[in-house]
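Down below is the structure, laid out as structure tokens.
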Amino acid sequence: MSGTYQPSLFDEEDSNPEIVSPTEIEFPSEAKQGSYLAEDERKLVIRASAGTGKTFQLSNRYLTLLRGSAPDRILASTFTRKAAGEITDRILLRLAKAAIIEGDFNDLKSFTGSPELTQKQCLILLKDLTQNLHRLRISTLDGFFARLAGSFSLELRLPPGWRLMDEIEANHLQDQAIDNVLREGDVQELRNLMHQLDKGKVRRSVHQLISDHISQFHEIYLRSGPEAWKQFGKIQNPTNDEMESITMRLQAEAIDDKRLASARDDDVSRIVDEEWATLFQKGLLPKVLGDGKYYRKEIPDHLKKLYIELEKLVRAKWLAPWAQQTAATYQLLEKYDKVYEQLKRETGGVRFDDLTRRLAQSLGNRSTAELAHRLDGNIEHILLDEFQDTSVTQWNVIRPFAEDTTTDPEKSFFCVGDAKQAIYGWRGGEAAIFDAITQQLHELSEQPLNKSFRSSPVIIDVVNKIFQGMSAHDGFDEEHATIREWSTNFPTHETAKTELPGYFQLQTSPLPDGWQPGDKDAQAVDAEFNRFVAEMISRQLKDYPAGSIGVLTRSNSKIGELIFELNRLGIDASEEGGNPIIDSAAVQAVLAFFQLVDHPGDTIARFHVAQSPLARIVDFEDNTDDQAAHQFSQKYRAELARRGYGEVVHELAHKLASQCHRRESRRLLQMAVLADDFDAMSRTLRPSEFVEFVEKQKVQEPTDSRVRVMTIHQSKGLQFDTVIFAECDGLMTKPPKHLSWSPTPGEPPEVVALYQSKDFRELFPKKLQLALKQTTDKSIMESLCLLYVALTRSIHSLRVIIRPRTAKGAEKKLPKTHAGLVRAALAPTLHLESETILYEEGNPNWYESLKKEDDVASHLKVQIPITKIQFKASDQSRHLKRVAPSSKEGRHLVRLESLLPVGDSVAMDRGTLLHAWMEQIHWIEDGLPTDESLLAIGHRLGDQRLNLDRCLKDFHQMVGRPAMKALLAKRPYFTAETIGVADSVLAEINESPVEVNVQNERAFAVRDQGSLLSGSIDRLVTISRGSEILAAEVIDFKTDQLPNDLIAINDRVEFYRGQMEAYVRAVSKFYQITPDRISAKLVLLRLGRVLQVREKTSERKS
Amino acid sequence: MGIERVFLDWNEPALPAAVEELTKRYAINGVIDLSNAIVVFPGRQAGRRFLELLADQSEGRAIPPRIITVGTLPEFLYEPQKPFASPLTQKLAWADALQGLERKRLEVVIPQPPEDFDVDAWLSLGELLSRQHRELAADQLSFANVAEDGATLEGFNEQERWEVLAEVQRLYLDRLDDLELWDQQTARLSAIDFKECHSDCDIILIGTVDLNRTLQAMLEQVAEHVRLFIHAPAELADHFEKFGNLNPSAWEDRHIDVQDSQIQVVDGPQEQAEQVAMELAACGQDYSIDEITIGVPDERIVPYIQRQLTSRDVASYWVIAQKIPDTGPYRLLVGVANYLEADRTDHFSELIRHPDLSAWLNSQGLPVDWLTCWDENVADHLQRRTAKVFGNRKNGKISRLLVEAVRNLLKPLRGSSRPLSDWVGPIREFLLTIYGDAELDPELNEHRFLIQASKAIHTASLEHGNVPEALAPVVTAQQAISLTLDQIRGDFLAASSDENAVPLSGWLDLPLDDAPVAIITSMNEGYVPSAVNHDLFLPNRLRTHLKIEDNQRRYARDAYAMSVLLHSRKHVRLIAAKHDVRKEPLTPSRLLFAADPTTIAKRVVKFFDVPEKSTAANNAEVESEGKRIDFTIPRPQPLAEPRRSFRVTEFKDYLTSPYRYYLRHILNLNGLSDSVVELDPAGFGSLIHDVLQAFGLSDQTTQTDPVPIARFLNQELERIVDKRYGSDPLFPVHIQVEQIRHRLNIFSQWQAQWVRQGWVIRYTEIGARKNVDFPLGNGTSITIRGRIDRIDFNERLNEWIIFDYKTGDKATPPDKTHRFKDEWIDLQLPLYRHLAKPFGVTGNVRLGYITLPRTTTQIRDQIADWTEEQLLDADQVARETAQKIIEQEFWIELDKPVRWFQEYSGICQDGVFGREAVV
Ligand code: SF4
């Protein structure tokens, strides 16, 4: 490349003299080889903190690899489909820019390996890449797995014709499975199960109990083997006799010490009341197990002995229900899973998880080379993004590929992630694999990345302070170790953006007017909090209109509340947490409509619909009219069946829109989209299922507003000028539903049990204690990750808002919340007053220096007016309605019976056969076709059951009739004696000799009255002289079964008149003769009758 | 003589040029006689348009040729010697062949074969192989060929697999041979082998650029009759092979002459639809509606476009009017099959809601509200199956009639398994019973769909009769129905064309379309061109190796199509999306990058270097901004007559929410649902109540031994459960009954002890119909009524206790339920005093609950210790409340949302953002 020419985007086409000509572009991808990666970077793990440019690294790497490898040999995966799309875009864009813009080229070349890339090579690479877009393997892991599964579906035993279900559909199927378990299960078996599930105290709602269990434990069930659920050892639930015996012996024990005796008595009544857990906390048992002293006096040995005996029994008593409950849960899940799998097989629906699991099971023993053939090529380079979110099963599938690429020097491996951002544990993500990867794979080099390309120094500083200082929190017990560990391992962050202005503030929200300390109305405090946040956003928007604002919450419901407050202030915000759409009155009304359609007897729904704006639209205004309600239901059930839910809801939404404010109509629109989804997955005849469906769906709809409200989970990977962390007062962790323990990350859990409060930890069997610890550690870790993600989204400004003290006194300890941790690090006061700034750093007016640079106007949304679509007048030349003459028959009402032929096979009907035979007759004078040839035709038409011999006999009889003979004879035409044409035409024909011609099955196509008339005429006879056509006759054979009476026959002629007229017009047009030269005859084959259709020609003429 | 190749200039659309060319060749005396010609197109749509043009350009003076699509051409070229096996027969034969294989061999292909009885699974496998067979045979390849040829492909490790498949293929063909049937593919190959192809007609192929090898070989044998019309300039002759197929390598590097201004990259389906609308608005001035075609390579976006255009008053036409599985008869049969499986109540409830079936039921002499009767009965009796219908009142009777009607209707479809073909008749009969009475008008879309769908089902079912006995499975009606429906699952009903609509057209139909304007959506990789890389049987490398359709050929086809479009249309717009309907990311089509490298670079920058926002952001929703809201909570209407008679329990409702009180007690609005899964709290409670009532009326009330009491309660429970729910109710009912039994057992202990304390039950369930006068203190009075569960008397103490049984999971004491922060919120127990008076219950009267909660230690009496003053205050509250109700004060807004009355939450806008009021 010459160094003098600097191409720019705005160059005219051909102005670049140096441009590579197309012939120079070869396809290196087919034969590319060699690596442009430095040796020590071929197997690389990057631990990248937030905002440090992971995607940048990944795309550099990809481009470097692309220089020496075909795109389908490079597998790049990331966590979301959106991110995968962005990586592709980014790779293309960087290459393209570098190819034509010097500056971008200089930026790129230093990152893409050695020898250094040239600009010409950029062009070649780009060309190569764009021609091979179909061979790219940049996707989510799920996407890659889906492809793998598609190529090995028989090996994986996927249901034939399988397809991937989305979340919505899967949930629907799960509900169905639960229903099936309950409806079809074995009663006795379920009964026992239920007893154990609820520890004998069954609450009223059995259904609730079961569905709760299933939703809470199915995921862990799938991950674990049956053994894991049986880690209680052999627990014999002590018999009543055993218990009575020990009680009696205890009671009988003579004790001198009064206090000791009364303590013993208390213990005895605890045994009687079955308060097992208390026995371990109070009374003598803990003393016996402890130092053996009570009020500093040694407990007598024989009593001790009794207590030790008691301990075993009580422990068993306490453990037995837990063990049984756990076992019963497993059994229930087993049952459910079987039904669920069955349903999936029947419907062909498969989830990504299923694919992953099956792949891990079935392909684990195959080498990657073995997979290469069906995958259409080997994978030689792997790039894994967001590795900390990889699940165990996913890792099991990808691991052989990883091992392959790390052991072969020609291949390469790259993975990037951040264990500090592992917030998808609930989805099976297992950050520990990331930590362990260097042990599991060969000789990986590691690189930390802690320099932010996102945040201002203030933000980075605060992040460091918080995470390094949070272990000052004194409120945690065992969890504190985890927090301290996190804190100690926290790498000090830096930023490359040292110039960026920034601001941080930790502040409490105000309390409602007239609030008294000790008041317990939490709702009022929340409402005030939300208002406060909304106003803060509003101010920020005014101060810095160009900046983006991200509002982070932990729960979806908070998002809804904040959005509502923002909307009240007239601020349009993007709602990115899924909430059910039933928070809209319009949606509620439409749901009532569906409920009514399903249950016309539901008078609440009747009233609701009849009293809403919907009433007029759906024409249901009197809720007291029983009959009308039932007719209404019938009508709309038919409508729904015919048009689908999507269409009906779209229409309702459209009609209601004029009566809604913006949020309502957006909700309606979302409902319409849900209805489309519903159509796609269900063909139910039950509108109430749609109601349930809508009530359960959580809908989010990101818009491009500058204010975006979302959960921390959703904010991952995003950045905002300002971040407001608006929900950090919730507990760090919620008690988990189950405990589990795996010996090494990546292995399936060896221990699983339902959760038990850790207060009785000492009673747990050893392994379950381990499980408790592992489970709590994990959730604390994840909660810390969540905090980390929340605090690292901001570019300039970060505001953490916490609730003030509402109780009377000061706090005793810092709360176990995110707020607590932040306070511990930055402002460890226990006196939390309302509306107070607890800590701040940086410049509150940080935006001022930026303001001038931004052109505010450019951020105004461009409104495109809704254009009216109008078209030029048309001469209707295309897409004519196509009409067959038979449709010109009279108004033709039919009964289904006549349309569904009887018999057991696709019997050709006699009519078709007779037509085919008639077609063989030219002129009767030439003789009839031979029976042999007729039968051959019969056979060819594919008929098996029709009695051909009989048909043949009928045929001969038919054509033997005098009228038929006359019709088929040539001679009469010479004098035109039997045709119905004008007298003058007759005369003309008889003037001198004419030629007569017959055409069978004569096709035609003409434009007729604005439509295309096409078809064929059974028999067309023409009378001509020289090249001039004098007359023509259209003959149509009918095989109608009808009585031989005049009225019926006349009726039939009238019925067919339209059709015959159409034939006549077609012939008239074709031969360019007037209609009065054309005769038309209808032949009723079965009756052997020939009927003139246009006899009145002569009169008509006059 | 070989094949004649005719090049039609691609600067004009192909079809008019083709008609012109044919006119030149076939016109005699002004008449174009094509009666001896077969004209072949790649798709149907082109044929239609061709006929239109032929009629127009000849002014009706043409004898049209036979117009067919490529796929059906072979059968015009030879005389099959044996009947063809139907698709179903083929599937069955493949399945049979697979099952006939030695297990070890089979596992090479299918590591875990389905169970023998799993007919469906085997059939789907049969179909899978059938498809591979069809594709390969179309290119004159057998499975054995793949095994052989594959051997020379590097990395091919599936030789054994294909050898086994070849064995299956042999078994399959043998099977058909035994049955004297032919597989269409094989018939064609045999016709080629025996040089049997012949034709008397001229065969004219227009725009077919992708003929398979089998067809080519057949055409070779009739070469002198074949004419190829190729839509391309003659200079590009070397871009086409002998039979007009594209020469893939010639197209691979060819630039496609598209301008940046013709391309628009937008976000998703919605934005594509909006972009289409904008393009239409932009070209509407210059073109009429029938001069425009919208191309939709991804048909999933059709609904988006159609809705978008409808909202702008532009009609559009898409060929699919309805998919067969969405049609009435199809869905009806699905419902029937479901129900037949196990007679489940929920399936029945769904089935009778099918509009066509319920229309039929309406004509069976049932009362108009039969559906409501059924729903209520289902909710009352919780049956798993419809075998027995409980209930004695109207609901029960109507429900029995209903079940009977459906049972008779389905009788012919019951019974044990029979040979497949034996079900054809009953299925037909069933359809006729439902639909047979109507006079159908084929001109009406609705009727036309019904007719077509029924015919499609019937035809599919008739095919069962064609399955040779040796292959025909023995099945139940519901399996027969599934097999029938499976065959037509992918079919659809065509919409009737509409000249006033913008047509939406699939990508394959576009090249031969002749509208001057083409707006093409989804110009994305995967759609245009499509690509197959990985595959279960034929990955791309293997395809290339076998010289069958591969990515290169797909690319060539679309590159050619795109070139044709760009050359022959006046106005072409291409829209590419960034993601599809399922939010999968998309990249623009490779075709858009078939340019010189610099152009590619610029184009990439143009496509991707834009802020994320799309230009056509949601306009639709802005429209309604600032409009008023009509979703208000309906206001109470004045009553003709004020209420004067009250149940003692209803005051609580008013005190909670006057408005909801109005809905419940004045308007009597009730919810209804049959989606019950178990006893609801009311059903649960009433079961306990009924047992205890029987107890109260029995001679056991003075028992002091809990055992006989428990025995009595148990028997009573059994009796009532049996009467109400029988032996096969929904499963949770069993559990709930167990639980009730448990609670009653504990109750009997309490009861025995209670009696030992000197208490006797004096009254049980009294006062139901009795209205007791209750003066309001202003000269007027009201009446109150209510049913008291039980009144006990203790002679020793000379004390009465009025009891109410409480059966909720929690045991809330009376004071908690009746009073909140020193205010009465429920008046039930205090007012019972007045109801009990006429029974002589006066003097020392106490009030309380007998609670029967989940926690059994709390199954006992809970007596309220209200003072006389408090009780008088309660009376006063009752008077005031009654007065307010009489004065119709129903619209009173509350300070706090209520947590009860969930059934009215929709009307009252609970949980609605910006709700109008809290009531
Ligand atoms: S898409 Fe929008 S505009 Fe069209 S019908 Fe549905 S709601 Fe109305």
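Naming convention: chains lettered A, B, ... in sequence-line order (proteins, then strands); numbering from 1 in each chain.
When the side chain to side chain donor-acceptor pair (under 3.5 Å) test is applied to S612(A), no partner is found at least two apart in sequence or on another chain. Not counting sequence neighbours, the partners of A1005(A) by the side-chain contact (heavy atoms from CB on, under 4.5 Å) test are S1014(A), L51(B), A55(B), P64(B).
Of the atoms belonging to A372(A), not a single heavy atom falls under 4.5 Å from chain B. Contact annotation for A638(A): both backbone and side-chain heavy atoms come within less than 4.5 Å of a heavy atom of chain B. Residue R582(B) touches chain A through both its backbone and its side chain, counting heavy-atom pairs closer than 4.5 Å. For L280(B), the parts sitting under 4.5 Å from any heavy atom of chain A are the backbone and the side chain alike. Contacts between S584(A) and chain B at a heavy-atom distance below 4.5 Å involve the backbone alone (N, CA, C, O). With a 4.5 Å cut-off on non-hydrogen atoms, D598(A) touches chain B through its backbone and its side chain both. Interface remark: L663(B) contributes side-chain atoms only to the contact with chain A (heavy atom separation under 4.5 Å). Looking at D89(A), the atoms closer than 4.5 Å to chain B (heavy atoms on both sides) sit in the backbone and in the side chain alike. Looking at F684(B), the atoms closer than 4.5 Å to chain A (heavy atoms on both sides) all sit in the side chain, from C-beta outward. Using a 4.5 Å cut-off between heavy atoms, I582(A) contacts chain B through its backbone alone, with no side-chain atom that close. Proximity to chain B (any heavy atom under 4.5 Å) is restricted, for S633(A), to the side chain, taken from C-beta onward. Heavy atoms closer than 4.5 Å to chain B are found in the backbone of Q870(A), but not in its side chain. The part of V677(B) that comes within reach of chain A is its side chain, from C-beta onward, which places non-hydrogen atoms under 4.5 angstrom from that chain. At a 4.5 Å heavy-atom cutoff, the contact between N533(B) and chain A is made by backbone and side-chain atoms alike. For a residue to count as touching a neighbouring chain, one of its non-hydrogen atoms must lie under 4.5 Å from one of that chain's; by this rule P529(B) does not touch chain A.
Checking D369(B) against H630(A) by side-chain atom types alone, no donor-acceptor pair falls below 3.5 Å. Between the side chains of R637(A) and S358(B), at least one donor N or O lies within less than 3.5 Å of an accepting N or O.
Using a 4.0 Å cut-off between charged nitrogen and carboxylate oxygen, E439(B) and R895(A) count as a salt-bridge pair. Under 4.0 Å is where a charged nitrogen must lie from a carboxylate oxygen, and between D676(A) and R307(B) at least one such pair does. Between R374(A) and E158(B), at least one side-chain N (NZ, or NE/NH1/NH2) sits under 4.0 Å from a carboxylate O, which counts as a salt bridge. We find that D674(B) and R686(A) are joined by a salt bridge, their nearest charged nitrogen and carboxylate oxygen being less than 4.0 Å apart. Here E584(B) pairs with R81(A) in a salt bridge; the nearest charged N to carboxylate O distance falls below 4.0 Å.
Between N551(B) and H134(A) there is a side-chain heavy-atom pair separated by less than 4.5 Å. Annotation: side chain of V912(B) is not in contact with side chain of D583(A) (no heavy-atom distance under 4.5 Å). Residues S675(B) and E692(A) have side chains in contact (heavy-atom distance under 4.5 Å, counting atoms from C-beta outward). Between D179(A) and D346(B), the closest side-chain pair of non-hydrogen atoms falls below 4.5 Å.
Comparing I63(B), L432(B), V368(B) by how many heavy-atom pairs each has under 4.5 Å with chain A, the most go to I63(B). Your options are Q736(B), Q909(B), E127(B), and the one with the most heavy-atom pairs under 4.5 Å with chain A is Q736(B). Considering only heavy-atom pairs separated by less than 4.5 Å from chain A, the leading option among L351(B), N670(B), L667(B), I600(B) is N670(B).
Remark: side-chain polar atoms of D376(A) are not paired, donor with acceptor, to backbone N or O of H534(B) under 3.5 angstrom.
Atom CG of residue L154(A) and atom CG of residue L125(B) lie 6.5 Å apart, to the nearest 0.5 angstrom.
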